[in-house]
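Positions are given from 1, in the same order as the sequence printed here.
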Amino acid sequence: MQDLIKQTAEHLISAKHVVALTGAGISVESGIPPFRGEGGLWEKYDPMEFAHIDSFMKNPAKVWKIFMSDMKKMLITAKPNDAHLGLVRLEALGILQTVITQNVDGLHQAAGSKDVIEFHGNFAWLRCIGC
């Protein structure tokens, strides 16, 4: 295991441009369950009923309640964990340039990451789909 860690560190140091790709797994220790897998949100909610644009267009109040009420409680109390902070440290060392995440929780920025691309947007802001 130590050899693998050393080898990974050497690759990171010698790389020209390092990007971290993150998803739900990085925020599990912050109290935000993943969408898929054991204990995931899709065990509780049908993704075709709550996470599809057609479902939202058909019944926005229903989808809005789940994502804006139930999930809000989790997201506003979550704090960055060691994984988020580790990426910030790699950025401070000049090794990591960018984080690309599927997460909407804003924990990378809360931890201090400067260059974060939020592939699915952010829970903190909304955009009118008609605009």
So if I apply the side chain to side chain contact (heavy atoms under 4.5 Å, CB included) rule between Asp115 and each of Leu96, Val99, Thr98, which one comes out positive?
Thr98

I need the Arg89 CZ to Asp82 CG distance, nearest 0.5 Å.
13.5 Å

In one Ile/Leu/Val/Met/Phe/Trp/Tyr side-chain cluster, 4.5 Å: Ile53, Val63:
yes

Taking all heavy atoms of Phe119 and all of Gln102, pick out the closest pair and write down the distance.
CB-CA, 4.4 Å

Side chain of Asp105, backbone of Leu75: donor and acceptor closer than 3.5 Å?
no

Residues Asn122 and Gly106: closest non-hydrogen pair is ND2-CA, 3.8 Å

Side-chain heavy atoms of Leu90 within contact of Val18, under 4.5 Å:
no

Could you tell me whether the side chain of Ile26 reaches within less than 4.5 Å of the side chain of His84, counting heavy atoms only?
yes

Could you report the tightest heavy-atom contact between Pro34 and Val28, atom names first, then the distance?
CD-CG2, 3.7 Å

Where is the tightest heavy-atom contact between Met57 and Pro60, given as atom of each residue plus distance?
O-CD, 3.9 Å

Mind checking the CD1-CD1 spacing from Ile117 to Ile100? Nearest 0.5 Å is all I need.
4.5 Å

May I ask you to decide if Ala78's main-chain N or O and Ser30's side chain share a donor-acceptor pair within less than 3.5 Å?
no

When you compare the side chain of Thr8 with that of Leu12, does any pair of heavy atoms fall below 4.5 Å?
yes

Is there a side-chain contact between Glu43 and Pro33 (heavy atoms, below 4.5 Å)?
no

The complete set of side-chain hydrogen bond (donor to acceptor under 3.5 Å, both in side chains) pairs with one or both residues in residues 9-23, sequence neighbours excluded, reads Thr22-Thr101, Thr22-His108

Is it possible for you to say whether Leu87 and Val116 belong to one hydrophobic cluster, with membership spreading through side-chain heavy-atom contacts below 4.5 Å?
yes

Give the minimum heavy-atom separation between Ala111 and Val88, together with the two atoms involved.
O-CG2, 3.4 Å

Residues at least two apart in sequence or cross-chain that pass side chain to side chain donor-acceptor pair (under 3.5 Å) with Ser55, listed by chain then number, are none

Of all heavy-atom pairs linking Ser27 and Asn81, the shortest is CA-ND2, 4.1 Å

Does Glu91 reach the side chain of Ile95, with side-chain heavy atoms less than 4.5 Å apart?
no

I'd like to check the side chain to side chain donor-acceptor pair (under 3.5 Å) partners of Lys62; sequence neighbours left out, ordered by chain and number.
Glu49

In the single-linkage hydrophobic clustering (I, L, V, M, F, W, Y; side-chain heavy atoms under 4.5 Å), do Leu93 and Ile13 co-cluster?
yes

